[in-house]
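Here the structure is a predicted model, which is why all the values come from computation and not from measurement.
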Protein chains: 6
Amino acid sequence: MPTIPNALQSLNAAVLSDTLDGVQLMQQAMKPFMRPLDDTLQLIGRARTGVYMPVYAAPAKGENPYEVEIALVDDLAPGDVVVLACDGPTERIAPWGELLSTACMARGAAGCVTDGLVRDVKQIREMRFPVFCGGIGPLDTKGRARMVERDVPVMCAGVTVCPGDLVFGDVDGVVVIPRAVEEEVVRRAREKVSGENQSRDALRRGEKLADVFRRLGIL
Amino acid sequence: MPTIPNALQSLNAAVLSDTLDGVQLMQQAMKPFMRPLDDTLQLIGRARTGVYMPVYAAPAKGENPYEVEIALVDDLAPGDVVVLACDGPTERIAPWGELLSTACMARGAAGCVTDGLVRDVKQIREMRFPVFCGGIGPLDTKGRARMVERDVPVMCAGVTVCPGDLVFGDVDGVVVIPRAVEEEVVRRAREKVSGENQSRDALRRGEKLADVFRRLGIL
Amino acid sequence: MPTIPNALQSLNAAVLSDTLDGVQLMQQAMKPFMRPLDDTLQLIGRARTGVYMPVYAAPAKGENPYEVEIALVDDLAPGDVVVLACDGPTERIAPWGELLSTACMARGAAGCVTDGLVRDVKQIREMRFPVFCGGIGPLDTKGRARMVERDVPVMCAGVTVCPGDLVFGDVDGVVVIPRAVEEEVVRRAREKVSGENQSRDALRRGEKLADVFRRLGIL
Amino acid sequence: MPTIPNALQSLNAAVLSDTLDGVQLMQQAMKPFMRPLDDTLQLIGRARTGVYMPVYAAPAKGENPYEVEIALVDDLAPGDVVVLACDGPTERIAPWGELLSTACMARGAAGCVTDGLVRDVKQIREMRFPVFCGGIGPLDTKGRARMVERDVPVMCAGVTVCPGDLVFGDVDGVVVIPRAVEEEVVRRAREKVSGENQSRDALRRGEKLADVFRRLGIL
Amino acid sequence: MPTIPNALQSLNAAVLSDTLDGVQLMQQAMKPFMRPLDDTLQLIGRARTGVYMPVYAAPAKGENPYEVEIALVDDLAPGDVVVLACDGPTERIAPWGELLSTACMARGAAGCVTDGLVRDVKQIREMRFPVFCGGIGPLDTKGRARMVERDVPVMCAGVTVCPGDLVFGDVDGVVVIPRAVEEEVVRRAREKVSGENQSRDALRRGEKLADVFRRLGIL
Amino acid sequence: MPTIPNALQSLNAAVLSDTLDGVQLMQQAMKPFMRPLDDTLQLIGRARTGVYMPVYAAPAKGENPYEVEIALVDDLAPGDVVVLACDGPTERIAPWGELLSTACMARGAAGCVTDGLVRDVKQIREMRFPVFCGGIGPLDTKGRARMVERDVPVMCAGVTVCPGDLVFGDVDGVVVIPRAVEEEVVRRAREKVSGENQSRDALRRGEKLADVFRRLGIL
């Protein structure tokens, strides 16, 4: 996959969301039930997707319920972000935990985003591995769900995510930048950041918001 | 607006809620989806309100979608609390962020309460500006909603808030004290706090809860 | 009540949930809306239950609305966990707070689990008393609900809890272990932990997840 | 209880709701999840209330779980409306069915309103007994809930209902008229109906809505 | 506005939805909480839109809270469909009722679609005026909401509706056909209907579904 | 599969639910969002199950997205009830419609139960084919979901359904009777019906409910 633009590290979810709005892509921010396990970590990478289906019985003898999941993780490259679509928000399954995070970090993957639950939260926080999820809970997927497809377009927390899309997360949430617009979005977002800096300075000095907005056009 | 009672600083949302119950006002605590960005900050001030309507298209050329919002913020006085009614909980809009917080602080405003989302959470936390909100998300209101009225009665997270009402927030939630009862409520709440102190001491000493409750009538 | 197995302290909610799954008990983890007030505290003890009914008017003169609640708390023994069933999630009532926590600690009780709200969060956190709840809010039960039964089977956040059941909570959530299976579950869970340790080590060394899973059968 | 105003039969839920709004009572219409079993039946009577609490185990041997319920029904007088508060909407319990409807009709009771579920729908429809409910389902309350209080103020589908309040239901929903305002509300509602008749006639003739509204002030 | 294709009368919501899917427009069917007041009526026309904002106080003296609404209705032409966006589903407001339906019919308007509630259901059904709504309830908008804009793009029950878009409703739901694709969609839908007829005949004769699908490609 | 007990035709969902409660099976009634398309039809048969997974893109060229579904329908025998698990309630997919109903009837299948949506409601009602569903909507599964497994245990509207379980539906809802208890449940339910007849007669004659319940033990 193409390299990940370095400039992203100086950006944030809010400015990226505004910039995507500016190119008429208004459905790129995941719903607010998606929260980071660690508010201080930034997530930047390219999507590697998986889809879960509900399952209501234990796997048959000899069957490996984690087969597709394992294949996905073992195929990760540095900078990849695992995106797991569970048709969330859900109360039923926690498809992500410490062992998968450990395997990811060993491969240089950048983080995980899932609209399912996550478990082993204490350990994942200690690892400082960026995970954004739809909730916390101890429930294994075995006997409850199974990943059936990977590296296909998915819907996660209200956003369509295609394999290779840029995924950006910080305390404000998760934003997905489609491949086709990523260059333009990153360029424009950087410009907006500098406008915001001017705006902030003026407001701190006590200028009227009306005047600042008139002059800089930023809020 | 009248000065804000100093005694409020030694009170808390729970005791104020109990006291409001005691004067038959049982709908004064905002619903629990409303959470502070910073659990350690106390919010005390008088309400300055705004109402949003949903919008489904970008503003017309030359139109300022933030007009009423800007007017509200530029009109804030020290001790004012911005209360933004978005018919929340919502997944659609974050009407509050860093720049508005900056403008507020420059005017001495006390904080912001909104049943919408909030963005720029990291920066707002660093500013130690008290914000209570219905969630976190990066979505600008432009093209999604517009403040259409200000300084009118609103409903925010289940509570009717009139301009000038006392707004109190801490880690337990947000409570609204109508003008007509504020003197009585503050006075009674202070009395209740001292009763609670006695109760706590007795319980720590291992007294039976039944005895303590019989004696002090507080739980 | 029987003593509480010491081994529980080295376990966690995720491994206990997996082990309960393994004995065909798949409804033992409380729903994810249940969260600890303090992510760092472990809760271990035996359930002492109470059920609330909704009430829509102030108690009659001379009536003690907290009667059953007080009796329950005054009857607690060391290691007991108060489990309050409010038919949650709810926005209406906070049956737990600082004074009850204080009374509990004085009796050596281990903590509280409620699908209702909790108040006095700051003080409870300072006391380091483990509380898992369905949310935070200042609303007293008086005039809103009343405990009508205690020490009966209840449903709390989706799990049936019988008096005496083991209750285990950590940052991943709350798991309930029925009396009949507790010995087997604790034994098996300890074994699983040691398998997970091997698995983690192998993954850190960069082994393929597929190989590790094939060898250890753990994910 | 006082007689029930005859004029109610010529009124409807919408005009009563408007009239209650006109006397500043804006919370008198039950939420729209409440629907009649039979769209063609009008319900008019005075409230006789009951409150349910959740129960999670079969009743003890010899215990009568229906005790309060039976006492309420056996005490009904002609024109009474049974109002059952289940903290609905609920998926758990159907406190009303054919046998209770039969007992009610035998006493001349006017109907039943519950935010719980109802069962035996076919038979109740055949009896033409007016029932408004929060849904349909076969689940008995035994082992799931129990009426613990009767003839007390309740909240049903968002409306406070006191014993003796007038309850009015038709296809548009259920409206509750507190005792203190019932005379005024009925009188005003009758006036409004005649205004609406004029308005309807004018609109049918093709008059501009703007003109009709200006002249009659009704919409 | 352009004439409405006659062919629509022989089509249905399901086939139109499939055809819109076929041109990659997969968000054109309103959510299933939208139901017709009368299952037997077909709704066909072009959208005339209005947006409501929440209001929490009675209108000021002399203010006409229905101003924009009245202007919209008085401006309707034959074949227009009123589409009222209330950010539904909602429990708060019924923006549509008998008098507005009467005014609409007098102008030849084709029906009404709203994600708010509707009242005067009995009378509207008797008029056989096609209304699709998010629920039934008696609550007037006065003091609860106000139409603030009309003839702008809106979101109604999950679908973006632009003024002039074709709106089609039957017992299966409401589908919106954007202007740009209406010719193609209507043409393709007619072809699909004839394929379905062949498929139905074959299945009735007892042919294997697998064979029919292989031959006709329709399910 | 074993024959279907004839006695079921004289029973109803409420009495079956009570009887299942009586054998400690209290999770056998589907949630109340499940409603019949036709209130007058009784559904009796044995379950043939299918599970859907969410899909977010059109099927690949040449791929048949309906493959498992078609195989299930073509394999139906007289008296089979198709049970489609969509993890409902859902707004996204209508896996059932006229053509599948037609194919089912041609094979003598007894009906369909799905927690997804259903389309072609008018035609299915005309066919008098019993369908119980989670809602109505026009949305095809193609590009939205795909049946991935069939004839496995599923969860549908809150009830576990195993292939071969008896499925009973009427206007009061859908009840599932596991194979292991079906004989006992049917026998007991018939006894209960005769007790209810006596109870109804007594109540009609005006007997006190308390007396009737004391004598017959039925409510």
Practice problem: May I ask you to name which of Asn64(D), Leu100(D), Leu117(D) has the most heavy-atom pairs under 4.5 Å with chain F? | Solution: Asn64(D)
Quiz item: How about residues 16-48 of chain D versus chain F: which residues have heavy atoms under 4.5 Å apart?
Solution: none
Quiz item: Is Asp170(F) reaching over with its side chain to a backbone N or O of Ala13(F), donor-acceptor style, under 3.5 angstrom?
Solution: yes
Quiz item: So, does Asp80(D) use its side chain to make a donor-acceptor pair with the main chain of Ala109(D) at under 3.5 Å?
Solution: no
Quiz item: When only heavy atoms count and the cut-off is under 4.5 Å, which of residues 125-157 of chain D reach chain F?
Solution: Arg125(D), Ile136(D), Gly137(D), Pro138(D), Leu139(D), Asp140(D), Lys142(D), Gly143(D), Arg144(D)
Exercise. Look at the side chain of Glu63(D) and the backbone N and O of Ala60(D), then say whether any donor-acceptor pair between them is shorter than 3.5 Å.
Key: yes
Quiz item: Between Asp120(D) (side chain) and Gln123(D) (backbone), is there a donor-acceptor pair under 3.5 Å?
Solution: no
Quiz item: Counting heavy-atom pairs under 4.5 Å to chain D, which of Ser199(F), Gly173(F), Ala210(F), Ala14(F) comes out on top?
Solution: Ala14(F)
Quiz item: Do Leu8(F) and Leu166(F) come within less than 4.5 Å of each other through their side chains, counting heavy atoms only?
Solution: yes
Quiz item: Are any side-chain N or O atoms of Asp165(F) and backbone N or O atoms of Val176(F), one a donor and one an acceptor, separated by less than 3.5 Å?
Solution: no
Practice problem: Could you pull out the closest heavy-atom pair between Val118(F) and Ile124(F), with the gap in Å? | Solution: CG1-CD1, 3.8 Å
Exercise. Identify which part of Val174(F) has an atom lying under 4.5 Å from any heavy atom of chain D, answering side chain, backbone, both or neither.
Key: neither
Quiz item: When you measure from the side chain of Thr102(D) to the backbone N and O of Glu98(D), does any donor-acceptor pair fall under 3.5 Å?
Solution: yes
Exercise. Just give me the residue among Asp74(D), Leu99(D), Val73(D) that pairs up with chain F most often, heavy atom to heavy atom, under 4.5 Å.
Key: Asp74(D)
